[in-house]
Amino acid sequence: MSTWLSHKLPTVDPSQVPDVKAITEQLTQEFDIPTDHLKKIVAQFQEEMQKGLDREGATVAMIPSFVTGRPTGDEKGKYLALDLGGTNLRVCQFELLGQGEYKVHQQKYVVSDELKTGEMRHLCDFIADCVDNFVTENGSNNVDSNLQLGFTFSFPVLQTDINRGTLMHWTKGFKCTGAVDKDVVVLLQDAFLRKNLNVHIAAIVNDTVGTLMAHAYKYPETSMGVILGTGTNACYYEKLTGIKKWKGGDTVFEEMVVNMEWGAFDNERRVLPLTIYDNKLDRESINPGEQMFEKMISGMYLGEIARNTILMLVDRLLLFKGDSSHDLNTQWRFETAYMSTIGEDTSADLKDTKHVLEEILQIPSTTKEDRQIVKHICFLVGQRAARLAACGIASVLQHTGESEKKSVVAIDGSVYEFYPDFEQMMTTALKELFGDDIVNRVKFDLARDGSGFGAAMVAMMSHKASQVKQSTSA
Ligand code: ADP
Ligand code: MG
């Protein structure tokens, strides 16, 4: 109840111009995360990480990835990668040339909503058709008798080996039946067999792990992989002795990449500064109460938070004279990419913002004051996302001690790449947490294609490891 009381906004006579200053101040307060609160979030985050490392079933799952080695950069050969879990399904062939260099061929396929929410068997058959089409068109099947494929499956998977893993639950709009608690590699490999497709799934790869591997191929000091795209997640190298729940038996390796699945952080709502706009988004989502951290940070959701905020002001007659439109009233219709367009709009009368609102979203008419308020909302939602993402990174850096050393954080995803000033806003938060000189030690790097190239890398490493095993046991 107190949430509602604290969300009183100034009311205005609809015939008057909205008080831009008062409204923006109110919104700024709602979306602000002061430094003290950042620190509280980091403290809680570290606690949750520890729970995940100690036992199965924690909110932040901290999943061992079975990726133990680090690439040298000199590996060679052709490997396939399959990327599912983002906007498109992608099939790629990478030719590793050594010295951190490679060539790539790739093809994208659209996964319909029907496939995303239908039977898993149909989705697997569709994927097998895409891979079949790709290897036929690229002539890859003539080159190698048995192609090795790295499968980027960017959902929470409980792995039992490098190419074995059961799906824990779906995220990001997928909801196929017959997949949860099943081994997704077996399901897909069976679909390949049904089509006589001679492709071996050598590894199941989370896109965060791929991001780390791909970047480490060129920059060995990379210590963390982060995704800020449709969803958000991260991984890092953990000491094997630090993973108390690990029951993999004796291993010669000292460290293993841990896939955090940090999107679920604070599903308990202990520290995240949730607003009524977030609550509405969550309630209307297909997974209420889940992925609370992700819902405040990633590309799938930021537009919707902004839309909820805009609509709340419309309903109070503080925007567009109380007018809305069919598009603005439609869930998910306000895309996160529009926020980047609006954020970059520096024209005197905010003409790009006008275009988004009036042409794309069909709002009958907007004033300059309206557009200023919308721009401010986009800024606030983006800034809050950047600061929360920085909290996640800070928690890991503090946990591993990397915040005291020189290290590189590899970050992939359109939100990081395209959202105006996203990196700078993350850096500001990191400085508030660690002091200004953190920037001399920790560097954020845009890492492209972890889910493609990274998956091929993990397939290569898995294949090499299995060959070594075979030759030593022979
Ligand atoms: P994926 O996570 O699917 O691999 P991306 O990293 O490209 O792919 O992220 C896609 C997400 O990024 C989508 O949710 C989309 O809303 C968002 N996005 C796309 N373009 C932009 C942009 N220009 N600015 C901010 N977000 C964007
Ligand atoms: Mg991606």
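Whatever order the structure lists ligands and atoms in, that order sets their numbers, starting from 1.
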Novice: Touching ligand 1 at all, Glu335? Heavy atoms, strictly under 4.0 Å?
Specialist: no
Novice: Please say whether the positively charged group of Arg333, taken as NZ for Lys or CZ for Arg, lies over the ring of Tyr338, i.e. under 6.0 angstrom from the six-membered ring centre and within 45 degrees of the axis.
Specialist: no
Novice: Which of the atoms of ligand 1 are close to Gly229, meaning less than 4.0 Å from one of its heavy atoms?
Specialist: 2 (O), 6 (O), 9 (O), 11 (C)
Novice: Pull out every atom of ligand 1 sitting under 4.0 Å from any heavy atom of Gly299, numbered as shown with elements.
Specialist: 14 (O), 16 (O)
Novice: Does any donor atom in the side chain of Thr152 or Asp83 lie under 3.5 Å from an acceptor atom in the other side chain?
Specialist: no
Novice: Side chain, backbone, both or neither: which applies to Ala337 and ligand 1 if a contact is any heavy-atom pair less than 4.0 Å apart?
Specialist: both
Novice: Partners of Gln44 by side chain to side chain donor-acceptor pair (under 3.5 Å), sequence neighbours excluded?
Specialist: Glu48
Novice: Keeping to residues at least two apart or across chains, list the ring-ring contact (aromatic ring centres under 6.0 Å, His included) pairs with something in residues 62-84.
Specialist: Phe66-Trp246
Novice: What are the atoms of ligand 1, with element, lying closer than 4.0 Å to any heavy atom of Met300?
Specialist: 14 (O)
Novice: Will you find, in the side chains of Asp278 and Thr275, an N or O donor that is under 3.5 Å from an N or O acceptor?
Specialist: yes
Novice: Report, in ascending order of atom number, the atoms of ligand 1 lying under 4.0 Å from any heavy atom of Gly413.
Specialist: 6 (O)
